[in-house]
Q: 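What follows is a structure written as structure tokens; I'll ask about it next.
Naming convention: chains lettered A, B, ... in sequence-line order (proteins, then strands); numbering from 1 in each chain.
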Protein chains: 2
Amino acid sequence: MSIHPLQWRDPHHPQADACSRCEIRQTALFGVLGDADLDRIHTHIAGLTLAPDEPIYSRGSAGLAVYTVRSGVVRFERTTDQGDRRIVRLAGKGDLIGQEALLQRPYSDEAVCCTEVQLCRIPCTLVDDLGRAQGALLRELMLRWQVALDEAEAWLAELAAGPARLRLLRLLRRLADHADAAGQVWLPRREEIGAMLGLTEETASRLVSALRREGLVTVLPGRSARLDPQALDAALQVNNAD
Amino acid sequence: MSIHPLQWRDPHHPQADACSRCEIRQTALFGVLGDADLDRIHTHIAGLTLAPDEPIYSRGSAGLAVYTVRSGVVRFERTTDQGDRRIVRLAGKGDLIGQEALLQRPYSDEAVCCTEVQLCRIPCTLVDDLGRAQGALLRELMLRWQVALDEAEAWLAELAAGPARLRLLRLLRRLADHADAAGQVWLPRREEIGAMLGLTEETASRLVSALRREGLVTVLPGRSARLDPQALDAALQVNNAD
DNA sequence: CGAGCCGTTGAGGGGATTCAAGCTCAGTGG
DNA sequence: CCACTGAGCTTGAATCCCCTCAACGGCTCG
């Protein structure tokens, strides 16, 4: 009887099933890897579930892992030197977050859960090892960096200028793309909407109330809402024309 | 007499001197390469000089090259669907721009010269070839992506909210870091300041005039200015306290 | 039940926009 | 040489949007 290698893979390791059945496997970072590679690494990947408002990592701390978002919405926050918080970006299903850790750099934002969030925690050393052999993985990594950059710039162009009502409509249009299986979207607290759009809590509240009265938004209990993408698009057309 | 290899390096190739004497060589993308590697590639790199307001590349066009900024300031612009222009980021000496071309993706912004700009044009194929052999180069690439992302988020956090005067002060503080050899900074046109800070041309003009009267800014002919970093910092302190 | 958080709404003031009118200055052509 | 032109900058006055300060109601917790 032969001796098992130290890292003998156990087909019944709990993470093995989770990885092979992962619904976002194709679109996630490791989507370029084959079954063989995937089998070797799943023991190093931890799946975790966090509650709304739980921090994932904090700005400035040394990072040992990157994370793939399997479900939910994550926000990135910064604090200006005067102490006011600003939300600079959102991430959703399939996005890779905390990539700066791969460069031995401290995390550059506070990452916080908006909704309940399911994550895969991927140690940096794992990516380093795989990257040395797998050129495709490196390309995939760079692609994700570019997507994040693109997202940040689009956020700046769309959500940081213009009348408040227009900005809120654009924000809701984006949130609609993060809708969960039941078609519900995460509706930020009013103060959070303010932090995203550069408004005060009161102004955000007034605008949301207005949209609710117009029937564009249906507020549901538990920080969620139902909204009609087509009606939003129509409202955006009207407000753009102005 | 032996036959020269096809790619025999010519020590007197005009770009050879330019590369080996490049003052930003250590900090630029190819800073990780040794002399030997550098000698092999300089024939593929073109140095070019562009005038203010000349476009470098345009959003959506297929890119065949990335560029290293050797001197001057470059701005990245986007146009919202309503047609108003927004400047989302700046790049200066030592920065790599157009990295998305390496992923066979179209450029995601309009890149335009603010000042006279000196660039090194680096074909994508060159980076691809070197990257296969040089792991350090790939790391360097990813680092630059992260820096760009960080810059975009910082811009969003600092320049997109708060009183207009404070935003202008912060913008000028950043421009001061792009000062040229003579200690002069590029001063954007008023309309451009508006596009950066989400203001109108008139408001930008009023604020700049106010700072000029306060002696914080000295406007010079030719879209440039002289400003005192320490005085700016002091003014920022005052306005932050408020 | 009171405390505290979140959301809502009102009144008032201030800051930015809008709409205008001049200004300087470089380039052009009579 | 100088009027003419247009682009960029400045400034004024009126308006409006958003902020500030404030009070109140619903809701969850301890």
Side-chain angles (χ1 to χ4, degrees), chain A residues 51-53 80 82-87 112 114-115 159-172 186-214 216-225 239-242, chain B residues 51-53 80 82 84-87 112 114-115 159-172 186-214 216-225 238-242:
Chain A
D53 294 327
T80 62
Q82 306 91 263
D84 37 38
R85 184 181 76 158
R86 193 77 207 264
I87 296 173
V112 187
C114 294
T115 62
L159 302 181
R165 179 186 162 89
L166 194 55
R167 285 188 300 205
L168 177 58
L169 285 172
R170 288 200 270 246
L171 174 61
L172 292 175
W186 167 64
L187 188 67
R189 299 198 329 260
R190 305 300 173 267
E191 179 271 336
E192 289 172 329
I193 294 179
M196 295 184 200
L197 304 181
L199 302 173
T200 58
E201 178 183 350
E202 296 93 326
T203 303
S205 174
R206 277 182 246 269
L207 291 170
V208 171
S209 295
L211 294 184
R212 209 183 43 206
R213 279 187 283 270
E214 295 171 30
L216 286 171
V217 179
T218 311
V219 177
L220 304 172
R223 289 191 197 173
S224 70
N239 284 266
N240 281 350
D242 154 55
Chain B
D53 294 328
T80 62
Q82 305 91 262
D84 37 39
R85 184 182 77 156
R86 192 76 207 265
I87 296 172
V112 186
C114 294
T115 62
L159 301 181
R165 179 186 162 90
L166 194 55
R167 280 185 280 174
L168 177 58
L169 285 171
R170 289 201 269 246
L171 174 61
L172 292 176
W186 167 64
L187 188 68
R189 299 201 328 263
R190 305 301 172 265
E191 179 271 336
E192 289 172 330
I193 294 180
M196 294 184 201
L197 303 181
L199 303 172
T200 59
E201 177 183 351
E202 295 95 327
T203 303
S205 173
R206 277 183 246 269
L207 292 169
V208 171
S209 296
L211 294 184
R212 208 183 44 205
R213 280 187 283 268
E214 295 171 30
L216 286 170
V217 179
T218 311
V219 177
L220 304 173
R223 289 191 195 173
S224 71
V238 173
N239 284 266
N240 281 350
D242 153 55

Q: If you compare all heavy atoms of Gly194(A) against all heavy atoms of Ala204(A), which two are closest, and at what distance to 0.1 Å?
A: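 Looking at all heavy atoms of both residues, the shortest contact is N-CB, 4.3 Å.
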Q: From the list dT11(D), dA16(C), dT20(D), which nucleotide is the closest neighbour of the side chain of Leu199(B)?
A: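 Between dT11(D), dA16(C), dT20(D), the one nearest the side chain of Leu199(B) would be dA16(C).
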Q: Using whole Å, what does the distance between atom C1' of nucleotide dT24(C) and atom CZ of Arg212(B) come to?
A: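 My rounded result for the distance is 12 Å.
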Q: What is the nucleic acid contact for Gly198(B), judged by heavy atoms within less than 4.0 Å: base, sugar-phosphate only, or nothing?
A: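 Sugar-phosphate contact only - Gly198(B) comes under 4.0 Å of backbone atoms but never of a base.
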Q: Can we say Glu191(A) and Arg85(A) salt-bridge, meaning some charged N sits less than 4.0 Å from an Asp/Glu carboxylate O?
A: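 Salt bridge flag = yes for Arg85(A) with Glu191(A).
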Q: Out of curiosity, Met196(A) CE to Leu159(A) CG, how far, rounded to the nearest 0.5 Å?
A: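 So the gap between those two atoms works out to 9.5 Å.
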Q: Taking all heavy atoms of Cys114(B) and all of Pro52(B), pick out the closest pair and write down the distance.
A: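 Of all heavy-atom pairs spanning Cys114(B) and Pro52(B), the closest is O-CB, 3.5 Å.
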Q: Using the side-chain heavy atoms of Ala164(A), tell me which of these nucleotides is nearest: dC18(D), dT10(D), dA22(D).
A: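 In terms of side-chain proximity for Ala164(A), the closest of dC18(D), dT10(D), dA22(D) is dC18(D).
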Q: Give a yes or no on whether a donor-acceptor pair under 3.5 Å exists between the nucleobase atoms of dC9(D), that is its base, and the side chain of Glu202(B).
A: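 In this structure, the two groups form no donor-acceptor pair.
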Q: Under 4.0 Å: is that the gap between some side-chain N or O of Thr203(B) and OP1 or OP2 of dT17(C)?
A: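 Looking at the OP1 and OP2 atoms of dT17(C), one of them is under 4.0 Å from a side-chain N or O of Thr203(B).
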Q: What is the distance from CG of Leu168(B) to P of dG15(C), rounded to the nearest Å?
A: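 So the CG-P distance, Leu168(B) to dG15(C), works out to 16 Å.
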Q: Please classify the nucleic acid contact of Arg223(B) as base, sugar-phosphate, or nothing, using heavy-atom distances under 4.0 Å.
A: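 Arg223(B): no heavy atom of the nucleic acid under 4.0 Å.
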Q: Closest approach to the side chain of Glu201(B), judged atom by atom: which nucleotide of dA22(D), dT18(C), dT10(D) is it?
A: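 Among the listed nucleotides, the one closest to the side chain of Glu201(B) is dT10(D).
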Q: Nearest to the side chain of Thr200(B), which nucleotide is it out of dT18(C), dC9(D), dT11(D)?
A: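 Shortest atom-to-atom distance from the side chain points to dT18(C).
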Q: Between dT11(D), dG8(D), dT17(C), which nucleotide has the shortest distance from any of its atoms to the side chain of Arg189(B)?
A: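 Selected nucleotide (nearest to the side chain): dG8(D).
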Q: By the 4.0 Å heavy-atom rule, please label Arg167(B) as base, sugar-phosphate, or nothing.
A: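 Since no nucleic acid heavy atom lies under 4.0 Å of Arg167(B), the category is nothing.
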Q: Nearest to the Arg206(A) side chain among dG7(C), dG10(C), dT18(C), which nucleotide is it?
A: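 Given the options dG7(C), dG10(C), dT18(C), the side chain of Arg206(A) is closest to dG10(C).
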Q: Rounded to the nearest angstrom, tell me the gap between atom CG in Leu166(B) and atom C1' in dG15(C).
A: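 Going from CG in Leu166(B) over to C1' in dG15(C) covers 14 Å.
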Q: For a quick test of reading the model: is some side-chain N or O of Arg213(A) closer than 4.0 Å to OP1 or OP2 of dT9(C)?
A: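 Arg213(A) to dT9(C) OP1/OP2: side-chain N or O found under 4.0 Å.
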Q: Indicate, with a heavy-atom threshold strictly under 4.0 Å, whether Ser209(B) touches base, sugar-phosphate, or nothing.
A: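 The answer is sugar-phosphate, as Ser209(B) gets under 4.0 Å only of primed atoms, P, OP1 or OP2.
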Q: Rounded to whole Å, how long is the line connecting atom CG of Leu187(B) with atom P of dG8(D)?
A: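 Atom-to-atom, Leu187(B) to dG8(D), this comes out as 14 Å.
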Q: Return the CG to CG distance between Leu168(A) and Leu172(A), rounded to the nearest 0.5 Å.
A: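 Output value for this atom pair is 4.5 Å.
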Q: Using whole Å, report how far CD of Glu191(A) lies from P of dC19(D).
A: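 It is 13 Å, rounded to the nearest whole Å.
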Q: Among dT8(C), dC19(C), dA16(C), which nucleotide has an atom closest to any side-chain atom of Arg190(A)?
A: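 Nearest to the side-chain atoms of Arg190(A), counting from C-beta on, is dT8(C).
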